[in-house]
Amino acid sequence: AQSVTQPDIHITVSEGASLELRCNYSYGATPYLFWYVQSPGQGLQLLLKYFSGDTLVQGIKGFEAEFKRSQSSFNLRKPSVHWSDAAEYFCAVGGSNTGKLIFGQGTTLQVKP
Amino acid sequence: DAGVIQSPRHEVTEMGQEVTLRCKPISGHNSLFWYRQTMMRGLELLIYFNNNVPIDDSGMPEDRFSAKMPNASFSTLKIQPSEPRDSAVYFCASRLAGTDYQPQHFGDGTRLSIL
């Protein structure tokens with residue numbers, strides 16, 4: 001069955017520290033992978049996507065993610081976190097030709113000053 | 001460019017009342033999705049449309065929920081009668097259909113409270 005797992009429900013990092021949010025997926029075919037961010041009271045905003053080519057993709061707000069097929073992972077990284085990055089982050093997988101996405105449960109990021 | 005527009009942003013109503021949520025997708029997008037988000041269940045896909053036609057409504061919780069897309073620029077999600085357990089944030093998203101790498105673009109949601 002298709003699924004997305006975000007193992008960390010809640011992460012706290014200090015401002016300026018590096019960040020890595022984990023995402024593991026289960027998908028039978030070539031996946032299309034997405035990371036979204038949701039700030040309180042807002043909808044989901046696309047950070048980045050992967051569908052082919054270079055396995056390291058750059059997104060908005062200084063985020064990047066690396067697709068590792070052998071590990072079925074698509075982890076999100078940022079070298080230096082800002083207080084404004086505090087939000088909930090969702091990993092999603094698609095590719096069934098329907099446009100449907102399967103979302104992970106989300107990881108809440110808290111940033112300490 | 002205008003994003004996905006949802007209205008109202010907040011709705012508070014009493015149990016048993018009819019609730020109608022509205023969505024205007026991004027112009028030119030031909031797929032539209034309705035989601036529900038709760039703390040307990042996370043983000044759930046309720047229904048989606050391609051070219052105004054409902055394709056998969058398997059996520060609609062029960063017959064009290066219905067959705068329509070009368071044209072390419074408007075969709076509604078209706079709950080009748082509403083119940084307290086319907087309280088959630090409802091999101092609409094749209095995308096350009098045709099390839100799976102086209103991302104979904106989300107509105108800011110409607111926060112629904114049923115008393």
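FYI, side chains are in, hydrogens and waters are out, and symmetry mates aren't considered; it's all heavy atoms of this structure. Order of the sequence lines fixes the chain letters, A, B, ..., with proteins taken first and strands second; residue numbering starts at 1 for each chain.
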Euclidean distance, [Y] [atom2] relative to [X] [atom1], rounded to 0.5 Å:
{"X": "S31(B)", "Y": "I26(B)", "atom1": "OG", "atom2": "CD1", "answer": "12.0 Å"}
{"X": "T12(A)", "Y": "Q110(A)", "atom1": "OG1", "atom2": "CD", "answer": "4.0 Å"}
{"X": "L21(B)", "Y": "L112(B)", "atom1": "CG", "atom2": "CG", "answer": "6.0 Å"}

Verify, without hydrogens or angle tests, whether [X] (side chain) and [Y] (backbone) share a donor-acceptor contact under 3.5 angstrom.
{"X": "T107(A)", "Y": "D8(A)", "answer": "yes"}
{"X": "S87(B)", "Y": "I114(B)", "answer": "yes"}
{"X": "S82(B)", "Y": "E18(B)", "answer": "no"}

(request) Please examine the side chains of L101(A) and F34(A), heavy atoms only from C-beta on, and report whether any two atoms are closer than 4.5 Å. (result) yes
(message) Quick check: do S7(B) and T110(B) have side-chain heavy atoms less than 4.5 Å from each other?
(response) no
Which atoms of [X] come close to chain A, meaning under 4.5 Å heavy atom to heavy atom: side chain ones, backbone ones, both, or neither?
{"X": "R41(B)", "result": "backbone"}
{"X": "Q6(B)", "result": "neither"}
{"X": "I55(B)", "result": "neither"}

(message) Please output the residues of residues 44-54 of chain A in contact with chain B, using a heavy-atom cutoff of under 4.5 Å, in numerical order.
(response) L44(A), L46(A), K49(A), F51(A)
(message) Using a 4.5 Å heavy-atom cutoff, which residues in residues 61-93 of chain A come close to chain B?
(response) F90(A)
(message) Strictly below 4.0 Å, N to O, side chains only: are E62(B) and R85(B) in salt-bridge contact?
(response) yes
(request) Please determine, by modelled atom types, if Q80(B) and Q17(B) share a side-chain donor-acceptor pair under 3.5 angstrom. (result) no
(request) Determine, using ring centers only, whether Y35(B) and F91(B) are less than 6.0 Å apart. (result) no
